[in-house]
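What follows is a single structure, written as structure tokens, with notes after it.
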Amino acid sequence: MAQQARIIDGKAVAAELRAGIAREVAALKAERGLVPGLHVVLVGEDPASKVYVASKEKLAVEVGMNSVAHRLPADTTEAQLLAKLAELNADDSVDGILVQLPLPKHIDTGRIIDAIDPAKDVDGLHPINAGLLAGGKNGLVPCTPLGSMLLLKQALPSLSGLEAVVIGRSELVGRPVAQLLLQADCTVTIAHSRTRDLPAVVKRADIVIAAVGRPRMVKGDWIKPGATVIDVGINRLPDGKLTGDVDFAEAVEVAGAITPVPGGVGPMTIACLLKNTLTAFHARRG
Ligand SMILES: Nc1nc(=O)c2c([nH]1)NC[C@@H]1CN(c3ccc(C(=O)N[C@@H](CCC(=O)O)C(=O)O)cc3)C=[N+]21
């Protein structure tokens, strides 16, 4: 039997990334008396969202940023949320704005994202940032795709010419990660729910990015031996355990390197949010 895959330690890579950010934040404070500000807006009481926002807040404080969570009631109107964003857009001390998704159904998510100043859009979801990314000229890049690429580079020194298959075409992950892979000179395929013979498509890939949100959908025998597998899925099973979109137990026997869930892409997403806040700080305030 072939050797087991190398397990890419997202938790460790994320901790290292945050340590570098903390050093930069400390230097900014010492040299210029300035503190980057990250503002997270949470509407309503979704329990998972509350946990994520608390975690973002804690890690932003840990790197020395000014971290503010705006917790708004579930019946907040679209107009009230737009007013909050206008206030944050106008405040020079606010470097990053993130509106936690999903929003309650009575609020039009697209209209809210459009209202965030693209220069403060640390989620990288504003159409201006998505458009820049599609043109190969990066503004602020979505956190999960950015974190996935950093993990990929841990496993592979050069991506040039490799076959990459992205499973999933979401605005949040699939599309932007495909753009980043293209920028890295991969040959990129975006597969989705209508793709014919998905296992055969995945089997071609030197790099598999699984971002579908279906627990353990990608089987071990879909993976080309030695391939690098980045599992973006974070699915909560009925027993409360987290699992990815890849059947890890099977895939680890075939892949060359693989990210676990938890401890893979998830921690990188938050670290990249902090990285984007620093990027936004420098782009706006020099
Ligand atoms: N505007 C917006 N931007 C987001 O980036 C965003 C969002 N809304 N809404 C929800 C999703 C989800 N998300 C996660 C981030 C980190 C972990 C993470 O660190 N997970 C840990 C496990 C945490 C646990 O045990 O529950 C891990 O994978 O190791 C998970 C999920 C960001 N999201």
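Counting starts at 1 for both ligands and their atoms, in listed order. All values reported here derive from a predicted model rather than from experimental measurement.
For a threshold of 3.5 Å applied to N or O pairs, the pair formed by Gly263 and ligand 1 contains at least one separation below that value. For ligand 1, the polar-atom distance check against Val99 finds a nitrogen or oxygen pair separated by under 3.5 Å.
Every heavy atom of Val261 sits 4.0 Å or more from the atoms of ligand 1. Every heavy atom of Cys143 sits 4.0 Å or more from the atoms of ligand 1.
Taking atom 10 (C) of ligand 1 as the reference point, the nearest protein heavy-atom neighbour is Gln100 NE2, 3.3 Å. The single protein non-hydrogen atom nearest to atom 2 (C) of ligand 1 is Asp123 OD2, 3.2 Å, given as residue, atom name and distance. Atom 24 (C) of ligand 1 has its closest protein heavy atom at Leu242 CD1, 3.6 Å. The closest protein non-hydrogen atom to atom 14 (C) of ligand 1 is Tyr52 CE2, 3.8 Å. Nearest protein heavy-atom neighbour of atom 6 (C) of ligand 1: Lys56 NZ, 3.8 Å. For atom 26 (O) of ligand 1, the closest heavy atom belonging to the protein is Arg236 NH2, 3.3 Å.
Val252 and Ile8 fall into different hydrophobic clusters, where Ile, Leu, Val, Met, Phe, Trp and Tyr are joined by side-chain heavy atoms under 4.5 Å apart, directly or via other members.
Leu133 places a side-chain heavy atom less than 4.5 Å from the side chain of Pro142. Residues Cys143 and Asp123 meet the side-chain proximity criterion, which asks for heavy atoms closer than 4.5 Å. Using a 4.5 Å heavy-atom threshold, the side chains of Glu78 and His106 count as separate. The closest side-chain heavy-atom distance from Arg6 to Gln154 is below 4.5 Å.
At a heavy-atom cutoff of 4.0 Å, ligand 1 is contacted by the side chain of Ile270 but not by its backbone. Residue contacts with ligand 1 for Leu101 involve both N, CA, C or O and side-chain atoms from C-beta outward (heavy atoms, distance under 4.0 Å).
Here the options are Ile234, Thr144, Ile209, the test is side-chain contact (heavy atoms from CB on, under 4.5 Å), and the partner is Val265; only Thr144 passes. Screening Val229, Leu162, Leu181 for a side-chain contact (heavy atoms from CB on, under 4.5 Å) involving Leu152 leaves a single residue, Leu181.
Counting only distance, with no hydrogens or angles, the side chain of Thr259 and the backbone of Ile230 share no donor-acceptor pair below 3.5 Å.
Between the choices Gly124, Gly266, Pro260, the shortest heavy-atom distance to atom 19 (O) of ligand 1 belongs to Gly266.
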Taking only distance into account, with no hydrogens and no angle test, what donor-acceptor pairs under 3.5 Å do side-chain atoms of residues 54-69 form with protein atoms, sequence neighbours excluded?
{"unit_1": "Lys56", "atom_1": "NZ", "unit_2": "Gln100", "atom_2": "OE1", "d": "2.7"}
{"unit_1": "Glu57", "atom_1": "OE1", "unit_2": "Arg71", "atom_2": "NH2", "d": "3.0"}
{"unit_1": "Ser67", "atom_1": "OG", "unit_2": "Glu57", "atom_2": "O", "d": "3.4"}

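Considering all non-hydrogen atoms of both residues, Asp114 and His126 come closest at O-NE2, 3.1 Å.
Taking every non-hydrogen atom of Leu98 and a distance limit under 4.0 Å, the qualifying atoms of ligand 1 come out as 1 (N), 3 (N). For ligand 1 and Pro267, the ligand atoms under 4.0 Å from any heavy atom of the residue are 19 (O), 27 (C), 28 (O), 29 (O).
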